Protein chains: 2
Amino acid sequence: MKVGLDKKAIIEAAASMADEKGVANVTLKVLATELGIKSPSLYKHFSGGLDELNKELMLYGWRSLESEITRAAIGKAKDDAIIEICYAYRSFVSEHKGLFEAMQWYNMYQSEEHLQATHGTVSVMFQVLEAYGLTEEQKVHSVRVLRGFLQGFCAIESHGGYGNPAPLNDTFDFALKTILNGIRDLQGGTEQ
Amino acid sequence: MKVGLDKKAIIEAAASMADEKGVANVTLKVLATELGIKSPSLYKHFSGGLDELNKELMLYGWRSLESEITRAAIGKAKDDAIIEICYAYRSFVSEHKGLFEAMQWYNMYQSEEHLQATHGTVSVMFQVLEAYGLTEEQKVHSVRVLRGFLQGFCAIESHGGYGNPAPLNDTFDFALKTILNGIRDLQGGTEQ
DNA sequence: TTGATAGGCTAATTATATTAGCCATTATAG
DNA sequence: CTATAATGGCTAATATAATTAGCCTATCAA
C-alpha cells in the first residue's frame, strides 16, 4: 500500500528518532519500520541511502537552528541579541541532542557541505555583530569564539559531561558575559 | 601464526588509523588486516568487540590528552599555565583528529564512563585554577568554560569548519585572553 | 614435561545496507 | 475520460561487517 511519504516527513521522523536514541541508532531498517514501510523503499526518497539521509539530517538541523536563532534575535540588538541567540542555540541542542550529533559529525572531513550548511547560522551571528563597529576580522574572531564555545559547551552539557552539581545556567551566563566583555574590549583596544 | 599482539598495540594501531581515516572507518576487518590477523582474533583482546574497542579508544585518548596538558603545565602558573594547557589541547586535537572524535562520541549518552575518563583532564585544569583564589564554584565555572570552548573550537577547526581565511591562531589567542579576563574578573567582583 | 593460557584460525550466523526488478496507485497530458 | 508516466511501495537477492563457536598451537609456569 502506498503510504505517501515525502522527504520532509522522513527526515523529521529520522530527526526525532535520533533525538530519542542517538543518531547512530537510526538505521534504515528501524526508520522504515517506524514509518510503516520496508527499508528498500527508503531508496525511492534517498537514492544515496543512509549516507544521504544523514547528510539531509545535518542540513535540516542547521536550517532549523538558523531559523531558531533568527527568531530569537528579532527586536534585539548588540549584547541582548547575542544573548538571545546563545540561549536559543543552547535550547535547540537540549531539545535536539541527536540532530545536533548529526549536525556536527556528518561528513566531518569534507568541509564543503558543512561550510554551506553552517553559513546561515554564521551569518546571523555576523549580522548581529555589525552593531559593534568592529573590523571584518574582529567580527570573524568573535563569531568563531561564540561558535566554538556554544558547540563545545552544548555538546558536553547534552551528554551529561559536566558532572559537578553547580548550576549550568550560571556557567553559561558567566561565559556569555565573558565573551561579550571580550568583544567590547575589541572596540577600543589595538588588540587582535 | 602467533603475532603476539596486546591491547596496547591494538589500541594504538586503531588510534592512528582513526586519525588517518576517521574513527567511523576503523572496522574490525580493516584493523585486523592492518595488524596482520583476522578480525575474529580481535575478540581475544576485546571480548566486547567493536564497542569495547571504541570505548578503549575513548579512554586512551583522554589519558593521552591528560598527559599532554600535564606536561605542558610544568613550571608554569596562572595565566601562563592555562595558556600552555590550551595550546597543548589544541595541538593534541590537530594531531589526533580521529582519536578526538572517539573521545567525544563514544558512549555519548552514558555519561558515567565519560565522566571518569575526563576526570584527569578536568583535574589538571582545576589545580591550575587553585592559584587564583576563587571559590569552588567559580573554579567549576571556569573549567567548564575552558572545556567547552576548547572542545568546540578544536572540533570545528579540526574538520575545517572555520571557512574564513583570518588566522585561527589569532582567534585562539583572542579567546584565551578573553577567558582569562573573565576568570580574573571573578576574583574581585561579586558576580556569579 | 606437561598442562593451562594466550592468541591465532576457519566456518557459520546475524544484521544491515544496498541493488534489481516487479507492481499498484496517482496524477496528468491529450 | 483515458492512456501513460511518475511515484512510492514490495519481494528477492547480494555484499559486507560483526559476532559466535569451536579448533589448534605456541608459550610459559608448575
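Residue numbering restarts at 1 for every chain, and letters A, B, ... go by the order of the sequence lines. Here the structure is a predicted model, which is why all the values come from computation and not from measurement. Just so you know, these numbers use all the heavy atoms, side chains as well, and skip hydrogens, waters and symmetry mates.
To the nearest 0.5 Å, atoms NE2 (His114(B)) and OH (Tyr162(A)) are separated by 12.0 Å.
Classification of Glu52(A) and Lys55(A) as a salt-bridged pair fails, no side-chain N sitting under 4.0 Å from a carboxylate O. Using a cutoff of 4.0 Å between basic side-chain nitrogens and carboxylate oxygens, Glu12(B) and Lys8(B) are scored as salt-bridged. Residues Glu66(B) and Arg63(B) are not paired through a salt bridge, judged by the lack of any N-O separation under 4.0 Å between the basic side chain and the carboxylate.
Atoms CG (Asp51(B)) and P (dA17(D)) sit 19 Å apart, rounded to a whole Å. What separates CG of Leu5(A) from C1' of dG8(D) is a distance of 9 Å, to the nearest Å. To the nearest angstrom, P of dG9(D) lies 15 Å from OH of Tyr43(A). Atoms CG (Asn25(B)) and P (dA17(D)) sit 11 Å apart, rounded to a whole Å. When the P atom of dA17(D) is taken as reference, atom CG of Leu50(A) falls 15 Å away, rounded to whole Å. Going from atom CG of Leu42(A) over to atom C1' of dT18(C) covers 12 Å, rounded to whole Å. When rounded to the nearest whole Å, the span between NZ of Lys44(A) and C1' of dC10(D) equals 9 Å. Atom-to-atom, NZ of Lys38(A) to C1' of dA20(C) comes out at 17 Å; the value is rounded to the nearest Å.
Nearest to the side chain of Ser39(B), among dT19(D), dG21(C), dA17(C), sits dT19(D). Of all nucleotides listed (dT16(C), dT19(D), dT18(C)), dT19(D) comes nearest to the side chain of Pro40(B). Taking only side-chain atoms of His45(A), from C-beta outward, the nucleotide of dG9(D), dG7(C), dA18(D) with the closest atom is dG9(D).
When the side-chain nitrogen and oxygen atoms of Ser41(B) are compared with OP1 and OP2 of dC9(C), one or more of them lie within a distance under 4.0 Å.
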